[in-house]
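Take a look at the structure set out below.
Just follow the structure's listing: the first ligand is 1, and inside any ligand the first atom is 1.
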Amino acid sequence: MTTYLLTGARPLGGDPTDVLVADGVVAALGAEASRGSGVHVVDADGLVLLPGLVDLHTHLREPGREDAETVESGTRAAALGGFTAVHAMANTSPAQDTAGVVEQVWRLGRDAGWCDVHPVGAVTVGLAGEQLAELSAMARSAAAVRMFSDDGRCVHDPVVMRRALEYVKAFDGVVAQHAQEPRLTEGAQMHEGVVSAELGLTGWPAVAEEAIVARDVLLAEHVGSRLHVLHLSTAGSVEIVRWAKARGIDVTAEVTPHHLMLTDDLVRGYDPRFKVNPPLRTADDVEAVRQGLADGTIDTVGTDHAPHPREDKDCEWGAAAFGMTGLETALSVVQAVMVDTGRLTWSDVARVMSSAPARIGRVPGHGRPIAVGEPANLTLVDPAARRVVVPEEQATASVNSPFAGRELPGRVVATFLRGRATVLDGTLVEAGASVERASGRHGAHA
Ligand SMILES: NC(=O)N[C@@H](CC(=O)O)C(=O)O
């Protein structure tokens, strides 16, 4: 395995130091990190070193929708985005509702080798919301599932939700809820408000999310279990989670990059790239989720990377699928709206994009401090770089990025998975490829 010396890197945005990556771990820091022969030197002057990013919310689409994404293409995108672990959502076809399917996805991830893939188990059989899936068998499988979700659909029956919350306690699991009251959102096409009224599109009211978040934090309290709220999108949801945490309820919450940056005003152009579930909300909601992330009410940023083939997006608004890609832009969006505005430090970014999601998902070896002896799951970022997003140039197999054509700050220069470079000079390093060739071909970043 190649040994790397990152010279002048700034761990968590702090003072520059040298970092030696050898034998899968952070082997030395500072003056102890010496060059030696055969060491591949990465000039990290001015670059920020973070623990490898962890996503709790990725749709890899395999099995069943390989026309949108595969584990291979999705995890390439993840590595380029700085991720060393992703959670693969359960709304595949067949759904990830048995030990067999979660093991299949886990193996595909291991064989691809770009990042760790932790399959999410479905809460109910076929995500139908009626009968609990084999949660315990998925937890005891090789995939060691700890997070369960019917994401894409809400576990709306309170009795089923209560049973799921009770059941996962046996193996320290967490139920991740897609909070959407189905009756209040029938036929919904966008956020219910001024813009939906003007456009004449059926609205998805904030209360449809907030009613479920409120119910579920109370259920989690009642049974003493762990709840994670996916893609929180409204000011009211932030307030409810803030209240629940103050009360000592074991709830965590997530916000997506797109809900941190974009508003429902974008729907005016009827471009289905901006169609997503939950929908883009108002500027007040965007401000509330930014505030919630800054003050710790919202624990983590989850991408909700939701690739769709062109035919499901290149159509009129009403017929288009809900969802946006996000793995390759997430860190840049967080830098733009939270770091460059002074609302989060790089150390906070390490918390919301690495250590918090690793803790919520119970992912060993990720989200660890950058310290000698720790597994070398690392991401090296150039915060001074700027780039225009071109979806066709991304590794994800789909092009439905809401950030297409936008200039965003920051660039992932390198990603290390247990000491192996999956990305160097902003380019994927194929397993077995000579590192010298890879970096020589694409030139130094600095
Ligand atoms: N977030 C989305 O808009 N889409 C998700 C599922 C979902 O959460 O609705 C998808 O799987 O495409």
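- Under 4.0 angstrom from ligand 1, the non-hydrogen atoms of V276 come from both its backbone and its side chain.
- The closest protein non-hydrogen atom to atom 5 (C) of ligand 1 is H59 NE2, 3.8 Å.
- With respect to the salt-bridge test (charged N to carboxylate O, under 4.0 angstrom), the residues D250 and K245 do not qualify.
- Proximity of L230 to ligand 1, defined as any heavy-atom pair under 4.0 Å, is not found for any part of the residue.
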Apply the test side-chain contact (heavy atoms from CB on, under 4.5 Å) to residues M353 and V54: give CA-CA distance (whole Å), side-chain angles for both, the deciding distance (0.1 Å), then the verdict. CA-CA 6 Å; M353 296 188 79; V54 177; over 6 Å; no

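- A donor-acceptor distance shorter than 3.5 angstrom exists from the side chain of E254 to the backbone of H231, with no hydrogens or angles considered.
- Using a 4.0 angstrom heavy-atom cutoff, M89 does not count as in contact with ligand 1.
- The distance from ligand 1 to the heavy atoms of D151 drops below 4.0 Å at these ligand atoms: 8 (O).
- Using a distance-only test at 3.5 Å, with no hydrogens or angles considered, a donor-acceptor pair links the side chain of R226 to the main chain of I360.
- Side-chain contact between H59 and E69: absent, with no pair of heavy atoms (C-beta onward) separated by less than 4.5 Å.
- Among protein heavy atoms, the minimum distance from atom 12 (O) of ligand 1 is reached at R61 NH2, 2.7 Å.
- Of all the heavy atoms of H178, the ones lying under 4.0 Å from any atom of ligand 1 belong exclusively to the side chain.
- When only non-hydrogen protein atoms are considered, atom 7 (C) of ligand 1 lies nearest to G152 CA, 3.4 Å.
- Interface atoms of ligand 1 facing H231, defined by a heavy-atom separation under 4.0 Å, are 8 (O).
- From the protein, the heavy atom lying nearest to atom 4 (N) of ligand 1 is F322 O, 3.1 Å.
- Residue contacts with ligand 1 for H305 are absent, since no atom lies close enough (heavy atoms, distance under 4.0 Å).
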Would you sort out whether W114 and L417 count as a side-chain contact (heavy atoms from CB on, under 4.5 Å), showing the intermediate values? CA-CA 8 Å; W114 294 107; L417 179 63; over 6 Å; no

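- Contacts between H308 and ligand 1 below 4.0 angstrom, taking non-hydrogen atoms only, involve the side chain exclusively.
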Using the rule given for side-chain contact (heavy atoms from CB on, under 4.5 Å), can you reason through R387 versus E407, listing the C-alpha separation, both sets of side-chain angles and the distance that settles it, and then say yes or no? CA-CA 5 Å; R387 67 191 165 123; E407 193 185 73; over 6 Å; no

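- Using a 4.0 Å heavy-atom cutoff, R65 is absent from the residues neighbouring ligand 1.
- At least one N or O atom of G323 sits closer than 3.5 Å to an N or O atom of ligand 1.
- At a heavy-atom distance under 4.0 Å, no atom of M324 approaches ligand 1.
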Dump the intermediate steps for side chain to side chain donor-acceptor pair (under 3.5 Å) on R281 and T234, then the final yes or no. CA-CA 7 Å; R281 304 282 187 188; T234 79; 6.0 Å; no

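- Of all protein heavy atoms, the one closest to atom 3 (O) of ligand 1 is N277 N, 2.9 Å.
- Taking the ring axis of W346 as reference, the NZ or CZ atom of R351 does not stay both within 45° of it and closer than 6.0 Å to the ring centre.
- Under a 3.5 Å cut-off, the side chain of T185 and the backbone N or O of W204 do not form any donor-acceptor pair.
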